[in-house]
Amino acid sequence: MKNTISIKKVKNLHYIFMGFIVFVYCILGIYYNNPDSDSYFLINTGKYIVENRALPEYNVWTWHKNFGIVVQQWIACILNYCYYNIAGDAGLMLMALVNTIISNIMAWKYTGLYTSNKYERFVALLGFNFIMKPYMNSRPTILTVCYILFELITLTKYSRDTLNDTQYILRMSLVSLLLVNWHSSFWLLSFVMILPFMVPAVWDIKNADWKQSLSYLKCVVPMIIAGILNPNGIKAFSYFLNSYGSISNQIVISELAQPTFTCIFGIVIVTVLILVISYTLVGDREKDKVYLGLGTLILASMHVRNNWLLVFTAMQMLIWLQKLLLKNKDEDFETSKVLYTLIALAYTITGFIVGIVMLSMVLEHKTDEKYYVPTKAIEYLDGLDKNEILLYNEFAAGNYLALKGYKVYIDARPEIYTPRISGVDDNIYEEYIDILTGKADYEEVLNKRNFTHLIVNANSFFDIYLDCQDDYTVVVESETYKLYERQ
């Protein structure tokens, strides 16, 4: 009885402590990531929708004429504007906190499909938050993860015969409806996620149950019908296809670059790959886990911004690894108390290190003028007539400049500055990439665009060129950018 009480107290203490580490990690991540540069275009668009009671058909935030636009995150835009309108940056942090809590609840439910052991679920949840840390902001990605988690829960339960056909179809249709209106560029992903469950195991193809495999397709037509219920119509379906090819494989924009082994994203990919291979060789080798792991690894390897797709397999593999190594000795306190102590010590050290590192990053992040929030340049420009300004700006700074009422050259939605989305045969994004990489004929660009003011990255190719021109003078300078004015 004494041992039973002791182990119960130790377990409860560990649960509280692990939950506290998750909470602190999320709070620091939210504070560090907000406001995000993309938050500003979400606010701008949300303001337009609220004030006009309609989605914009044209890009009203740029000085380029007649550029069409597709607002594929319209609900997130409205929420960003509402939170920001009420409480400013604190409102964005509150929105990020709410979304992060919801995502953790859904991730916790997802882990419950694979284990009832709370230790294993907490460790998986820590892995979830480690990967999701860059997305703990007011952007729609973190709730997009929730919708995909809900879909995977639905597919898993249906594969285990704990959902009937009607429940399966209704839940999958709901996922389609939510995704197409919340983050339509990922709407097609809802169909891709069916494949790991539908495709038979290649290593046991002779015993494949084709009837069961085909049963997963029952939801496809209802999902397509649900997807039609969006204000963008067919454009929502084609958004991903129209935007992807024109902006892919651009190393000059960090989130579009492919992960490398020298960055944390690349290390995560390699780690998950090793776990998936190990599971395939020595684990239960459930086909949906193997296929999901390989599929998400391929998608995550395409761009840094796809790294969040690893969370589903990462949680599965962390649970499997713990079962393999720890053998679940919870019922024997005498043999497991040392293990409990080591786990608590490991969490303490990890939590302390993570807390100190992230706190230092937070303090540095909040004190420096961020390159995507050029406040000094805006202070200077505010003293001029906005109607007389023809502005060149960098990729990420465009969102904040637009929020402050300036017409911009480009912003952090690269796809809307390509002909496929804008509908205008003037590829601003391609021109911008050439400017960044030094491939552009700068004299030709300046003559063509007739900029009056240029906000450029410090020490960039364009900065070096402008610094040598008598017609342009630096009027504002910071560590990350310079504001040039044409004489």
Side-chain angles (χ1 to χ4, degrees), residues 38-39 41-50 52-62 66-82 99 135 138-151 154 169-195 217 219-248 255-256 299 302-303 305-306 308-309 399 411-424 429:
D38 283 10
S39 300
F41 80 68
L42 294 170
I43 294 167
N44 292 332
T45 311
K47 181 180 179 181
Y48 181 97
I49 296 171
V50 171
N52 294 277
R53 300 293 191 271
L55 303 187
E57 296 182 10
Y58 294 95
N59 187 346
V60 298
W61 300 278
T62 183
N66 302 316
F67 268 45
I69 190 172
V70 177
V71 181
Q72 52 107 7
Q73 307 163 339
W74 66 276
I75 296 177
C77 291
I78 294 173
L79 289 176
N80 268 266
Y81 171 67
C82 292
N99 292 349
Y135 308 96
S138 62
R139 295 168 69 172
T141 305
I142 197 159
L143 274 190
T144 302
V145 173
C146 291
Y147 303 145
I148 300 299
L149 281 169
F150 180 73
E151 178 181 13
T154 298
I169 292 171
L170 288 175
R171 288 166 68 118
M172 294 295 284
S173 299
L174 177 61
V175 170
S176 174
L177 179 64
L178 290 171
L179 271 179
V180 79
N181 286 284
W182 179 258
H183 207 170
S184 63
S185 60
F186 286 103
W187 179 71
L188 290 176
L189 184 64
S190 62
F191 295 89
V192 174
M193 286 298 178
I194 299 173
L195 297 177
L217 296 176
C219 67
V220 171
V221 173
M223 286 176 70
I224 293 174
I225 294 173
I228 295 173
L229 304 176
N230 77 88
N232 289 307
I234 193 67
K235 291 181 179 179
F237 297 169
S238 58
Y239 189 88
F240 171 78
L241 298 176
N242 286 333
S243 64
Y244 179 78
S246 57
I247 64 169
S248 61
E255 70 172 20
L256 298 179
L299 293 173
M302 291 179 176
H303 297 298
R305 69 177 180 180
N306 290 346
W308 63 270
L309 289 165
N399 303 321
D411 63 40
R413 295 166 290 181
E415 66 276 8
I416 70 173
Y417 292 90
T418 62
R420 288 186 180 182
I421 301 294
S422 71
V424 177
Y429 175 71

- Note on the structure: Taken to the nearest 0.5 Å, the spacing of N232 CG from S184 OG works out to 6.0 Å
- Measure the shortest side-chain to side-chain distance between W61 and Y48 over non-hydrogen atoms and say whether it is less than 4.5 angstrom. yes
- Message: Are L299 and M302 packed together at the side-chain level, in the sense that at least one heavy-atom pair is separated by less than 4.5 angstrom?
- Response: yes
- Query: L177 and N181: which non-hydrogen atoms are nearest, and at how many Å?
  - Reply: O-ND2, 2.9 Å
- Query: Where is the tightest heavy-atom contact between L42 and S138, given as atom of each residue plus distance?
  - Reply: CD1-O, 4.0 Å
- Query: Backbone N or O of S39 within a donor-acceptor pair of the N399 side chain at under 3.5 Å?
  - Reply: no
- Query: Distance only, no hydrogens: is a donor on one side chain within 3.5 Å (strictly under) of an acceptor on the other, for S185 and Q72?
  - Reply: yes
- Are V71 and C77 side-chain neighbours, meaning at least one heavy-atom pair lies under 4.5 Å? yes
- Query: Given the rule in the side chain to side chain contact (heavy atoms under 4.5 Å, CB included) test, do L170 and L174 qualify, once you have shown the distances and angles that lead to the verdict?
  - Reply: CA-CA 6 Å; L170 288 175; L174 177 61; over 6 Å; no
- Task: Please tell me if the side chains of I69 and E57 come closer than 4.5 Å, counting only heavy atoms from C-beta onward.
- Result: no
- Please determine, by modelled atom types, if Y417 and D411 share a side-chain donor-acceptor pair under 3.5 angstrom. yes
- Shortest non-hydrogen separation from M223 to M172 and the atoms involved: CG-O, 3.5 Å
- Note on the structure: CD1 (I416) and CZ (F67) are apart, to the nearest 0.5 Å, by 9.5 Å
- For G227 against S176, the heavy-atom pair lying closest together: N-OG, 3.5 Å
- Message: Working to the nearest 0.5 angstrom, can you tell me the gap between M193 CE and L149 CG?
- Response: 9.0 Å
- Task: Would you give the length of the straight line joining atom CG of L217 to atom CD1 of I194, rounded to the nearest 0.5 angstrom?
- Result: 7.0 Å
- Is there a side-chain contact between F237 and V180, using heavy atoms and a 4.5 Å cut-off? yes
- Query: Is the shortest heavy-atom distance from the side chain of Y239 to the side chain of R420 under 4.5 Å?
  - Reply: no
- Y429-E415 side chain donor-acceptor pair, cut-off 3.5 Å: no
- Message: So, using side-chain hydrogen bond (donor to acceptor under 3.5 Å, both in side chains) as the criterion, who are the partners of Y135 when residues are at least two apart?
- Response: none
- Note on the structure: Interatomic distance, OG1@T45 vs CG@N80, rounded to 0.5 Å, equals 9.5 Å
- Note on the structure: Scanning both residues in full, the closest heavy-atom pair of T144 with W182 reads OG1-CD1, 3.5 Å
- Item | Any side-chain heavy-atom pair of I75 and I78 under 4.5 Å | no
- Task: State the OG-CD1 distance between S238 and I421, to the nearest 0.5 angstrom.
- Result: 7.0 Å
- Item | Given N230, I148, L189, L143, the one that forms side-chain contact (heavy atoms from CB on, under 4.5 Å) with L179 | I148
- Message: Please tell me whether F191 and W187 form a close aromatic pair, meaning their ring centres lie under 6.0 Å apart.
- Response: yes
- Item | Any residue meeting ring-ring contact (aromatic ring centres under 6.0 Å, His included) with W74, in chain and number order, not counting sequence neighbours | none
- Is the backbone of P414 close enough, under 3.5 Å, to the side chain of T418 for a donor and an acceptor to pair up by distance? no
